[in-house]
Enquirer: 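Handing you a structure now.
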Amino acid sequence: MKTEIRFYNTLLHDVEPFATQEADQVTMYSCGPTVYDFAHIGNFRTFLFADLLRRFLEAAGWEVEQVMNITDVGHMTEDDLADGGGEDKMEVSARRLREAKKAGRPDAAAVDDPDDPYQVARYYTDAFLTDARALGLAVADEYPAHMPFASQYVPAMQDIVRRLIDNGHAYVASDGVVYYSVESFPDYGRLSGNTLDHLRSGSGGRVTEADQNSKRHPADFLLWKPDANHIMKWDSPWGEGYPGWHLECSAMAMALLQKDVIDIHTGGEDNIFPHHECEIAQSRGVTGAPYFARFWMHARFLQVEGEKMSKSMGNFHTARDVFAGKVTGTPVHPAVLRLELIKSHYRSHMNFTAKGLRDSAQTVRRWTEFGRRLEQEANGNSQPPDDHPVVQRFMAALADDLNISGALAEVLPWMANCREKASTALGVFRFVDDVLYLAALQEKGAGTRQTEEGSDEVAGLCRQLDEARTARDYTRADALRQQLIDAGYEVRTTPAGTTAHPRLA
RNA sequence: GGCGACGUAGCCAAGUGGUAAGGCAGGGGCCUGCAAAGCCCUCAUUCCCCGGUUCGAGUCCGGGCGUCGCCUCCA
């Protein structure tokens with residue numbers, strides 16, 4: 001079922017028809033997490049955008065090979081010294097973990113030695129995978145095959161550096177640092193609009209003389225930094241040190257996807273410059289190909305309650321904070337966060353709010369119950385939905401640069417008014433849910449409180465409530481119901497008796 | 001200073017020249033011991049402002065105002 005697909009391509013600054021190099025296959029590289037802290041909802045908005053994109057393409061009949069890196073090689077905290085200096089983020093993380101250990105926080109106890117960056121990375125990688133799987137990131141189920149660690153691809157990065165020096169795209173500066181020469185690459189600036197003349201005039205005095213001394217051009221960026229004292233270092237022909245941070249994606253994309261040119265590269269909008277611009281320069285400098293990725297797709301940042309999310313604003317939420325109820329006051333099921341983060345268009349502002357989360361919870365609950373009802377009525381038998389008008393329109397909306405609102409506008413009213421044969425509807429439901437991945441996440445049970453359906457105690461209270469109602473002791477019945485509600489349950493009266501389900505948000 | 005995105009009801013949000021999708025919330029009703037859930041009905045003469053093009057503009061053009069992002073680690 002291949003509808004005409006159109007995506008906004010950052011490289012073109014416009015929408016264009018989607019096409020791949022090989023007929024039924026898509027190679028896709030998604031910039032992944034840095035593992036020196038817990039991933040936050042902004043990170044996950046970008047990752048979930050990539051996941052939705054992937055699931056949509058799969059539903060449309062493509063075979064998608066997706067790779068997402070795990071950045072465990074630290075970067076500098078400040079860029080004044082971006083080309084070699086500042087405190088490494090792994091060091092910052094180590095310090096934070098040391099403090100957490102001293103304070104006896106249980107999460108930090110998992111790391112024996114905070115000064116070992118690999119242990120720190122391991123710890124936050126595990127946390128990331130837990131959160132990512134809870135949110136239904138398909139690629140997280142393909143760890144480690146499709147989720148490589150940057151630290152394990154340093155030889156491949158060095159290979160790129162060597163080849164760039166050999167063919168004149170890179171040079172060893174007077175201080176021993178290896179730089180990429182942006183002037184050797186005429187297309188530099190095409191992705192971001194930051195062409196060399198703009199960069200020069202626009203640097204706004206922020207680039208100091210001292211940092212730039214050894215470079216041929218102020219925009220030249222680091223490929224290898226000799227630094228024997230660095231927390232993470234490797235041997236190299238240019239001295240013991242560490243690689244430039246743009247290198248890892250070039251190296252891993254080419255190594256794992258086995259291609260000089262990949263079909264789609266995703267990331268957050270902040271990656272456009274300098275990260276992706278530099279990646280393009282490096283990769284094409286090595287391959288000589290006219291593209292590194294054919295389609296560049298970027299998700300916009302989200303805001304929280306109308307403001308920029310930042311630690312200083314106090315509105316900075318990790319995914320696990322949200323699950324734990326930090327935002328809404330009650331635990332939030334991962335499927336709810338998933339919907340909340342994918343339900344607005346990836347290329348527009350999204351405002352993350354507690355209210356939005358509650359709205360999403362409502363939708364997730366209805367959708368899931370709808371699916372359960374269909375499964376039951378159809379006895380699990382579904383009809384192929386390919387030519388169903390709802391599926392057609394759902395896919396047509398997504399084919400239009402991932403128009404999720406339009407897609408949901410086809411599905412939600414259909415759900416509310418559905419009078420179709422259960423097996424027909426079930427086929428549609430399953431197809432749509434394979435893309436949205438909401439009910440599937442709920443049924444899978446993501447290890448949250450919400451999946452612990454009715455403990456004995458809760459079931460007991462429900463039974464007592466029914467008894468009280470039968471005995472027409474409504475004062476007692478109301479008290480019991482209130483008790484359940486206060487405990488965070490939704491109480492439902494059905495012909496078969498009262499049931500209670502943990503609230504989704 | 002340079003580059004870029006965006007501004008539609010209380011909130012989220014579709015719409016890419018033909019007379020404002022959808023969801024949530026709200027209001028009314030059915031159901032209920034009362035609720036919840038569900039179902040039915042209802043909810044923008046109007047799309048930030050001002051000009052222009054057109055038979056016709058939320059949609060195109062010009063100019064404002066505003067919000068956001070990047071240019072520096074950040075999804």
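Proteins come first, then strands; the chains are lettered A, B, ... in the order of their sequence lines, and each starts at number 1.
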Enquirer: Looking across every strand, which nucleic acid part, if any, lies under 4.0 Å from A/Asp400 by heavy atom: base, sugar-phosphate, or nothing?
Expert: sugar-phosphate

Enquirer: Specify the separation, in whole Å, of atom CG of A/Leu398 and atom C1' of B/rG22.
Expert: 14 Å

Enquirer: May I ask whether A/Phe47 stacks on the base of B/rA75, given the cut-offs of 5.5 Å between ring centres and 30° between planes?
Expert: no

Enquirer: Please give, in whole Å, the distance from B/rC71 P to A/Glu277 CD?
Expert: 13 Å

Enquirer: B/rC30 and B/rG23: how far apart are their P atoms, nearest whole angstrom?
Expert: 23 Å

Enquirer: Looking for any heavy atom pair under 4.0 Å, which part of the strands does A/Ile485 touch: base, sugar-phosphate only, or nothing?
Expert: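 No contact.
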
Enquirer: Expressed as a whole number of Å, how far does the C1' atom of B/rG2 sit from that of B/rU72?
Expert: 15 Å

Enquirer: Please name the nucleotide paired to B/rC39 by Watson-Crick or G-U wobble geometry with both distances under 3.5 Å, or report none.
Expert: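 Its partner is B/rG29 (Watson-Crick or G-U wobble, both distances under 3.5 Å).
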
Enquirer: Using a heavy-atom cut-off of 4.0 Å across all strands, would you classify A/Gly356 as base, sugar-phosphate, or nothing?
Expert: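 Here A/Gly356 touches no strand at all.
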
Enquirer: What is the separation between atom CG on A/Asn403 and atom P on B/rG22, rounded to the nearest whole Å?
Expert: 15 Å

Enquirer: Round to the nearest Å and state the distance from A/Gln362 atom CD to B/rG38 atom P.
Expert: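 Taking CD of A/Gln362 and P of B/rG38, I get 6 Å after rounding.
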
Enquirer: Report the nucleotide, chosen from B/rA37, B/rC74, B/rA5, that has the shortest atom-to-atom distance to any side-chain atom of A/Tyr8.
Expert: B/rA5

Enquirer: Please name the nucleotide paired to B/rC70 by Watson-Crick or G-U wobble geometry with both distances under 3.5 Å, or report none.
Expert: B/rG2

Enquirer: By the definition ring pair (Phe, Tyr, Trp, His ring centres under 6.0 Å), identify the one residue from A/Phe47, A/Phe7, A/Phe49 that meets it with A/Tyr346.
Expert: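 When A/Phe47, A/Phe7, A/Phe49 are each tested with A/Tyr346, the ring pair (Phe, Tyr, Trp, His ring centres under 6.0 Å) holds only for A/Phe49.
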
Enquirer: Which of these nucleotides, B/rC71, B/rG33, B/rC40, is closest to any side-chain atom of A/Asp478?
Expert: B/rG33

Enquirer: Can you tell me how far P in B/rA21 sits from the matching atom in B/rG27, rounded to whole Å?
Expert: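 To the nearest whole Å, 23 Å.
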
Enquirer: Would you call A/Asp220 and A/Lys215 a salt bridge, taking side-chain N to carboxylate O under 4.0 Å as the test?
Expert: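 Salt bridge between A/Asp220 and A/Lys215, a charged N being under 4.0 Å from a carboxylate O: no.
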
Enquirer: If you check the A/Arg481 side chain, which of B/rG38, B/rC34, B/rC40 turns out closest?
Expert: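 Side chain of A/Arg481 sits closest to B/rC34.
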
Enquirer: The side chain of A/Asn43 lies closest to which of these nucleotides: B/rC74, B/rA36, B/rG22?
Expert: B/rC74

Enquirer: Say you pick atom P in B/rC43 and the same atom in B/rC55; how far apart are they, in whole Å?
Expert: 34 Å

Enquirer: B/rC73 C1' sits how many Å from A/Phe221 CZ, rounded?
Expert: 16 Å

Enquirer: Tell me which nucleotide, if any, is Watson-Crick or G-U wobble paired with B/rC60 when both distances must be under 3.5 Å.
Expert: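 WC or wobble partner is B/rG52.
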
Enquirer: So which nucleotide from B/rG69, B/rC12, B/rA75 ends up closest to the side chain of A/Met309?
Expert: B/rA75

Enquirer: Expressed as a whole number of angstroms, how long is the span from A/Phe394:CZ to B/rG22:C1'?
Expert: 14 Å

Enquirer: Find the distance A/Gln303:CD to B/rC12:C1' and express it as a whole number of Å.
Expert: 14 Å

Enquirer: In terms of side-chain heavy atoms of A/Arg492, which of B/rA37, B/rA35, B/rG23 is nearest?
Expert: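 That would be B/rA37.
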
Enquirer: A/Tyr437 ring centre to A/Arg338 NZ or CZ under 6.0 Å, with the angle to the axis within 45°?
Expert: no

Enquirer: Between A/Glu467 and A/Arg476, does at least one N-O distance fall below 4.0 Å, as a salt bridge requires?
Expert: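 No, no charged N to carboxylate O under 4.0 Å.
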
Enquirer: Is B/rG10 paired to anything, Watson-Crick or G-U wobble with both distances less than 3.5 Å, and if yes, which nucleotide?
Expert: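 Base partner found: B/rC24.
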
Enquirer: Once you apply the 3.5 Å cut-off to both distances, tell me the Watson-Crick or G-U wobble partner of B/rC34, or none.
Expert: none

Enquirer: Can you confirm whether the side chains of A/Glu277 and A/Asn194 place a donor and an acceptor under 3.5 Å from each other?
Expert: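 No, because no side-chain N or O of A/Glu277 sits under 3.5 Å from a partner of the opposite role on A/Asn194.
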
Enquirer: Closest to the A/Ser405 side chain: B/rC39, B/rA14, B/rG23?
Expert: B/rA14

Enquirer: When you measure from the side chain of A/Phe301, which nucleotide among B/rA13, B/rA75, B/rG15 comes out closest?
Expert: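 Among B/rA13, B/rA75, B/rG15, the one nearest the side chain of A/Phe301 is B/rA75.
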
Enquirer: Please give the distance between the C1' atoms of B/rU54 and B/rC48 as a whole number of Å.
Expert: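 Result for the C1' pair: 23 Å, nearest Å.
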
Enquirer: Could you work out which one of B/rC71, B/rG10, B/rC6 sits closest to the side chain of A/Lys355?
Expert: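 My answer, after comparing the listed nucleotides, is B/rG10.
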
Enquirer: By nearest atom, which of the nucleotides B/rA37, B/rA21, B/rC68 is closest to the A/Arg300 side chain?
Expert: B/rC68

Enquirer: Can you tell whether the side chains of A/Asp131 and A/Arg320 come within less than 4.0 Å, N to carboxylate O?
Expert: yes

Enquirer: Decide, yes or no, whether a salt bridge links A/Arg133 with A/Glu142 under the criterion of side-chain N to carboxylate O below 4.0 Å.
Expert: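 Not counted as a salt bridge, because no side-chain N and carboxylate O are separated by less than 4.0 Å.
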
Enquirer: Using the ring centroid of each side chain, check whether A/Phe316 and A/His40 are separated by less than 6.0 Å.
Expert: yes

Enquirer: Taking atom P in both B/rU46 and B/rC3, what distance in whole Å separates the two?
Expert: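 Approximately 37 Å lies between the P atom of B/rU46 and that of B/rC3.
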
Enquirer: Determine the Euclidean distance between corresponding P atoms of B/rC11 and B/rU16; express it in Å to zero decimal places.
Expert: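 My reading of the P atoms in B/rU16 and B/rC11 gives 24 Å.
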
Enquirer: May I ask you to say what A/Ala39 touches in the nucleic acid, namely base, sugar-phosphate or nothing, with a heavy-atom cut-off under 4.0 Å?
Expert: nothing

Enquirer: Would you kindly give the CZ-to-P distance between A/Arg469 and B/rG33, to the nearest whole Å?
Expert: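 Distance, rounded to whole Å: 7 Å.
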
Enquirer: Scan A/His40 against the nucleic acid and name what it touches under 4.0 Å (heavy atoms): base, sugar-phosphate only, or nothing.
Expert: base

Enquirer: Students often get this wrong, so: under 4.0 angstrom with heavy atoms, is A/Asp37 touching a base, only sugar-phosphate, or nothing?
Expert: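 The residue A/Asp37 makes no contact with any strand.
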
Enquirer: How would you label the contact of A/Ser344 with the nucleic acid (heavy atoms, under 4.0 Å): base, sugar-phosphate, or nothing?
Expert: sugar-phosphate

Enquirer: Using the C1' atom as the reference point in each nucleotide, state the distance between B/rG4 and B/rG18 in Å, no decimals.
Expert: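 Roughly 32 Å separates the two C1' atoms.
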
